[in-house]
Protein chains: 2
Amino acid sequence: MNPPRAQARKPETRIQKRNHEAILEAALDVFSARGFRGATVDQIAQAAGLSKPNLLYYFPTKEAMHSALLTGLLDTWLAPLRKLDAKGEPITEILDYVRRKLEMSRQMPRESRLFANEILQGGPRLDGVLEQELKPLVDEKTKVIRDWVDAGRIAQVHPYHLIFSIWSLTQHYADFDVQVRTLLPKGETDPFPEAERYLVTLFTRMLTPTEA
Amino acid sequence: MNPPRAQARKPETRIQKRNHEAILEAALDVFSARGFRGATVDQIAQAAGLSKPNLLYYFPTKEAMHSALLTGLLDTWLAPLRKLDAKGEPITEILDYVRRKLEMSRQMPRESRLFANEILQGGPRLDGVLEQELKPLVDEKTKVIRDWVDAGRIAQVHPYHLIFSIWSLTQHYADFDVQVRTLLPKGETDPFPEAERYLVTLFTRMLTPTEA
DNA sequence: AATATGTTTGACCAAATGGTCAGGATCACG
DNA sequence: CGTGATCCTGACCATTTGGTCAAACATATT
């Protein structure tokens, strides 16, 4: 009778699971393409193949869909950084991180745009997430990088800006996809192989310690 | 009697000029912060200190304000790239371009976000601009870079991806400002000085030809 | 089969929003 | 100072949109 809320943790029925997923999938499509305010519940409903009231049976509000997406995807989104291993070989670790992040831009451009849309507008619906989820992780990993620098295993770099640069360069290929594809010469239909080569070169040159 | 359209090119009165400017200024504020769909004419009116009908006296539609902004700002936005001089010293030229672009992110974050918002959503309101304005300029400048590479004056790099990387890295500090400021340690209130140092290092290492 | 529980929807509502309009206020200028 | 052009606004309108609800429909359980 009552909409299935996330509190009582009743075992989900098959229908619930199916529709829940269909809605989030559709919502990701629409939100990432038009932003929160630009998306309408009707559009999401149509994309999900359900009626509008039916969506609001599963999610109390449009906000709830958006927020379910954001929090649900955050872990996936941060997984590559989590894998950065203090015990690994520094340059390999960082290059692997770059590759994984670029791969995410290729495979999950909608997720990238969802976050981009949100942060662009000051992250009103992200609020605590940055402080509470992202910052601790970044603080931890910048420390790892700082140690590598101090040990002379990679060149002198500002750890935070290194991470920003990895994010910016990799996500660019998802977020600004239209622009990239418009500007690239006709022949190159898929920007990613070349992008990977470029970024690997860039970070190799940036991080390899100079003789002296 | 009739709203001042951009056709007859009548000499603008003082009032027209003042209000036109106030509206565009307000519109930039609101559009850049909330996106096209997220902005309301009322918000812009309030920000401009004018009444809603009065805005629509100067601009026929909300779209018209947005499009006036986009086309009006495009030249400013591309100016730094235009200045890239084929006759200059390659690395200096490129580093100067990076600095100018970063400076624009610092001084004109709203403009950066306006374009970002637009391109993120596939640039529905940008349409021909990318093809007709941006592409020719980029094609021209990538040619310059390619010549530098061929002459061995800078290291081997993919010219288009070099430009993408400059855009992405510099605009990141405007577009993702909230994130950058949230993550940076408390002490560093202004990310830009450190960002400049980081980017200059990065592109120096990236572009300096290797001995051999 | 009866009943309870879960799912779906057409019809509807209130608020927000882009835009209009008739008329009033103000300004430029002869 | 009078008159036509420009500028401005309150009131209004049509549409869109997030959300509600009662009732119908489906499914599981006994």
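So you know, we letter chains A, B, ... as the sequences are listed, proteins then strands, and number each from 1.
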Only counting residues at least two apart or in another chain, list the ones meeting ring pair (Phe, Tyr, Trp, His ring centres under 6.0 Å) with [X].
{"X": "B:His66", "answer": "B:Phe31, B:Phe36"}
{"X": "B:Phe59", "answer": "B:His20"}
{"X": "A:Tyr160", "answer": "none"}

Residue A:Asn54, side-chain atoms from C-beta onward, closest of D:dC7, D:dG19, C:dT9: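 Of the candidates, C:dT9 comes closest.
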
Hey, is the side chain of [X] poking within less than 4.0 Å of OP1 or OP2 on [N], counting only N and O atoms?
{"X": "B:Tyr58", "N": "D:dC8", "value": "yes"}
{"X": "B:Gln16", "N": "D:dC7", "value": "yes"}
{"X": "B:Asn19", "N": "D:dC8", "value": "yes"}
{"X": "A:Tyr57", "N": "C:dT8", "value": "no"}

Can A:Thr170 and A:Ser105 be counted as having a side-chain donor-acceptor contact under 3.5 angstrom?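 No donor-acceptor contact under 3.5 Å links the two side chains.
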
Could you pull out all donor-acceptor pairs under 3.5 Å where a side-chain atom in residues 128-137 of chain B meets a protein atom, sequence neighbours excluded?
from	atom 1	to	atom 2	distance (Å)
B:Lys135	NZ	B:Asp139	OD2	3.2

Which salt bridge (charged side-chain N to carboxylate O under 4.0 Å, His left out) pairs, counting each pair once, include a residue from residues 57-81 of chain A, with sequence neighbours left out?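 Listed once each, the pairs are A:Asp75-A:Arg82.
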
Could you give the [atom1]-to-[atom2] distance, from [X] to [N], as a whole number of Å?
{"X": "A:Leu55", "N": "C:dT9", "atom1": "CG", "atom2": "P", "value": "10 Å"}
{"X": "B:Leu50", "N": "C:dT26", "atom1": "CG", "atom2": "P", "value": "16 Å"}
{"X": "A:Phe59", "N": "D:dG18", "atom1": "CZ", "atom2": "P", "value": "15 Å"}
{"X": "B:His20", "N": "D:dC8", "atom1": "NE2", "atom2": "P", "value": "13 Å"}

Can you pull out every ring-ring contact (aromatic ring centres under 6.0 Å, His included) where at least one residue sits in residues 105-141 of chain A? Sequence neighbours excluded, please.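 Applying ring-ring contact (aromatic ring centres under 6.0 Å, His included) to every pair that reaches into residues 105-141 of chain A, excluding sequence neighbours, yields A:Trp77-A:Phe115.
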
Acceptor/donor pairs from residues 42-49 of chain A side chains to any protein atom, 3.5 angstrom cut, sequence neighbours excluded:
from	atom 1	to	atom 2	distance (Å)
A:Gln43	OE1	A:Thr40	N	3.1

Of all of residues 63-70 of chain A, which get a heavy atom below 4.0 angstrom from DNA chain D, listed by number?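 The stretch gives none, as no residue of it lies under 4.0 Å from the strand.
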
What residues in residues 33-47 of chain B put a non-hydrogen atom under 4.0 Å from any atom of DNA chain D?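 Contacts with DNA chain D under 4.0 Å: B:Arg37.
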
The criterion is side chain to side chain donor-acceptor pair (under 3.5 Å); which residues satisfy it with B:Ser165, sequence neighbours excluded?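 Here the qualifying residues are A:Tyr198.
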
For B:Arg100, what residues pass the side chain to side chain donor-acceptor pair (under 3.5 Å) criterion, not counting sequence neighbours?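 So B:Arg100 forms no side chain to side chain donor-acceptor pair (under 3.5 Å) with any residue.
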
Exceeds 12 heavy-atom contacts within 6.0 angstrom, atom CZ of A:Arg34: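 Check fails, neighbour count at 12 or below.
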
Let me have a per-nucleotide readout for nucleotides 20-30 of chain D, 5' to 3', with B, S or -, counting only protein heavy atoms under 4.0 Å. BB------S--

